[in-house]
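Residue numbering restarts at 1 for every chain, and letters A, B, ... go by the order of the sequence lines. Note that this is a predicted model, so its numbers are computed, not measured.
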Amino acid sequence: MASDPNQQTERHGWKWLLSTPALIVLVLAASGPLMIVIVYSFLTPGNMGGVAWEFSTDAWFRVFFRRDIFDPENVTVNQAHLAVLWRSVWLSAQTTVICAVLGFPTAWFIATRPPSQRTVWLFLITIPFWTNLLIRTFAIQEMLRNNGTINTALLWLGVINEPIPMMFTDFAVLLGMAYVFMPLMVLPLYAAMDKMDFRLVEAGYDLYASRIAVLRHVILPLVKPGFIAGSILVFIPSIGAYVTPRVLGGGQKMMLGNLIALQFGQGRNWPLGAALAMVLLIITITALVLYLRAVNRQEAKRDG
Amino acid sequence: MSEPDPTQPSEIEITGLSKTFGQGASAFTALADIDLSIRTGEFFTLLGPSGCGKTTLLRVIAGFEQPTTGSLKINGKEVAGQGPNARPVNTVFQSYALFPHMSVAQNIGFGLKMLGRPAAEVKETTAQMLKLVQMEAMADRKPSEISGGQQQRVALARALAPQPRVLLLDEPLSALDLKLRKEMQSELKRLQTETGITFVFVTHDQEEALTMSDRIAVMSGGRILQLGAPNDIYNSPAERFVADFIGDTNFLTVKVVEATDTIAQVRLPGGMLQSARLPEGMHPAAGDDVTVVIRPEQANLTEGGASPLSATVTHSVFFGTDTLVHVTLVDGTPFTLRRQNAGNPTPPAPGTQVGLTFAHGALQVIRE
């Protein structure tokens with residue numbers, strides 16, 4: 001029968017030691033660098049990049065405000081930074097929604113294939129991961145630019161008289177990010193659907209539900225864990241995306257990742273870059289907390 | 001005979017229905033040319049081994065599968081081609097298929113909600129149903145928080161709540177342990193009588209079928225082999241499969257001496273003459289070899305003295321209320337008979353010479 005709880009504790013007492021390798025990796029690869037970034041964000045920029053070991057909150061100040069070069073007393077809100085922050089959040093949210101809307105039917109299609117075919121479809125979904133991100137992004141650029149595939153085809157068909165400018169727009173960045181992160185939505189959605197008991201769908205139909213009603217009352221609630229996992233997996237890398245906005249958005253449509261890279265590179269302002277990186281982390285965590293809380297509240301409301 | 005009145009209206013009318021899965025060389029015929037009429041208010045059972053097509057037939061009636069050919073009428077209306085949400089039937093699934101994200105009460109009210117009934121009515125009917133299956137105390141629990149037997153009751157209540165014309169039950173008791181299964185058998189029977197709804201029950205358990213049903217259709221290989229009241233099916237099996245599947249049976253090869261339309265005089269091994277009932281439409285000639293079935297409890301054993309049919313005891317198995325005595329007939333055919341232990345305290349020892357007699361009407365000729 002049930003074993004003595006004291007004995008159980010004793011038996012598990014030393015077992016945490018087995019996780020030591022993982023803990024070491026976590027400390028070295030995650031917490032360590034994070035500490036460095038936090039410390040750097042409170043230092044002064046060095047002359048040739050790097051940092052000078054002198055405490056300052058100036059980097060944090062400059063994330064949100066700017067001082068006039070000639071009149072340091074004249075402080076204004078840093079519109080450029082705020083625009084980049086807002087664009088990052090907004091484009092990432094849109095990417096997540098696009099991935100969810102397009103990923104759901106994709107995952108559904110795979111989950112409803114005969115089991116022998118599903119592996120093949122899943123394999124096809126992961127194929128883009130086999131090619132370097134940069135190359136795939138340049139391939140999208142090749143399609144979108146003024147004398148690229150799409151515009152050439154449309155011109156040749158006579159649909160348009162002059163090329164539609166698509167490069168260096170929010171549209172280009174969105175398209176690129178949705179394409180790149182789609183598998184991260186499809187895979188958890190598929191996993192949730194794979195676990196789903198399809199007899200529940202039959203039970204829904206049997207109890208007079210229409211297709212839409214079955215989708216709304218049975219399928220969506222059941223695959224919600226997949227949506228939550230997929231949204232988190234898409235949103236987090238989206239908001240920190242670097243390559244896609246760099247190639248498809250150019251300097252015009254910069255995102256937070258590009259701004260951070262700029263500060264560590266040409267900007268030679270490591271503390272500002274570190275502070276921006278911390279802001280990115282805070283936005284991500286806040287978004288996650290708000291999202292999960294909203295999801296739970298919805299659940300509680302339905303239960304009540 | 002408990003044969004229901006044939007003038008009763010039929011709830012489900014199936015004619016020439018077949019169902020084929022796949023195409024070409026890999027095509028599989030799950031149902032072949034089914035004709036079946038299920039009467040209003042009866043407890044009808046589809047009985048057969050797994051793969052016999054009983055579940056497919058149930059799914060066709062429910063609307064989860066569409067028939068390949070044939071017609072299916074529910075309450076006089078053709079429903080072939082319609083989806084499950086357009087048919088006045090509800091299903092109790094083998095796995096119950098309760099919605100895990102809804103409470104017990106929400107599960108029960110789901111059908112009515114989807115039918116667009118006002119919230120007050122949904123609430124009232126749900127409360128009635130909870131009472132009917134004695135689950136009032138569990139209304140706010142999730143399906144994962146109640147036992148298997150309770151889930152079974154909720155599944156029943158959910159399917160009964162929209163007051164369907166027909167309730168389809170797909171082996172609903174197979175996941176329950178023996179005691180609970182017995183309990184639910186009488187519970188199901190009670191619900192059927194109380195609601196007056198036609199029940200179509202699928203099972204592979206012959207005992208369950210015999211105890212609960214008004215009529216039974218025995219299925220095998222996508223066909224209905226025999227249709228009748230439980231005692232008809234048990235006492236007068238028309239085919240070897242039916243006799244073999246339901247209950248324990250002895251098969252004996254015998255010679256026809258003379259035959260009328262319904263009765264044949266047959267000669268048993270050892271020369272004894274007996275009359276045996278013939279299945280409908282079977283007309284053997286004198287001199288033909290036919291197979292008869294004799295249920296173990298229809299044979300009696302006499303010890304000592306001469307007997308027209310003698311046998312040798314090989315071994316006995318004690319079962320509490322009765323004993324199964326295995327004997328060998330003079331020609332070497334094995335035969336089993338069931339003897340009540342009341343009044344027969346000691347089973348005959350192996351090797352004992354005994355005589356066999358049969359109850360009146362014990363012999364039934366079957367088609368091979």
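- Top candidate by heavy-atom pairs under 4.5 Å with chain A, chosen from B:Ala86, B:Gly63, B:Ser103, B:Ser95, is B:Ser95.
- Shown here for A:Leu207 and B:Met114, the closest heavy-atom pair between the two residues is O-CB, 3.4 Å.
- In this structure, the side chains of B:Lys113 and A:His217 come closer than 4.5 Å at one or more pairs of heavy atoms.
- The contact between B:Phe99 and chain A is made by backbone and side chain atoms together, counting heavy-atom distances below 4.5 Å.
- Taking a 6.0 Å sphere around CZ of A:Arg216, one finds it holds 12 or fewer heavy atoms contributed by other residues, nucleotides or ligands.
- Looking only at heavy-atom pairs under 4.5 Å with chain A, the residue among B:Asp140, B:Leu168, B:Val89, B:Asn85 that has the most is B:Asn85.
- Looking at every heavy atom in both residues, A:Tyr208 comes nearest to B:Pro162 through CE1-CB, 3.4 Å.
- Dense packing is recorded around CZ of B:Arg190, with more than 12 heavy atoms of other residues, nucleotides or ligands lying under 6.0 Å away.
- Nearest heavy atoms, B:His101 versus A:Leu222: ND1-CD2, 3.5 Å.
- Taking each heavy atom of A:Ala203 and B:Ala97 in turn, the nearest pair found is CB-O, 3.9 Å.
- No more than 12 heavy atoms of other residues, nucleotides or ligands shown are found within 6.0 angstrom of CD1 on A:Ile212.
- Of the two parts of A:Asp206, the backbone and the side chain both hold a non-hydrogen atom closer than 4.5 Å to a non-hydrogen atom of chain B.
- Partners of A:Arg118 under the side chain to side chain donor-acceptor pair (under 3.5 Å) rule, at least two apart in sequence or in another chain, are A:Asp194.
- Within the 4.5 angstrom heavy-atom criterion, only backbone atoms of B:Arg87 (N, CA, C, O) approach chain A.
- Partners of A:Thr95 according to the side chain to side chain donor-acceptor pair (under 3.5 Å) rule, which considers only residues two or more places apart in sequence or in another chain, do not exist here.
- Here the straight-line distance linking atom CD of A:Glu202 with atom CZ of B:Phe64 works out to 5.0 Å at 0.5 Å rounding.
- Around atom CZ of A:Arg199, no more than 12 heavy atoms belonging to other residues, nucleotides or ligands sit under 6.0 Å away.
- Heavy-atom contacts from other residues, nucleotides or ligands closer than 6.0 Å to NZ of B:Lys73 number 12 or fewer.
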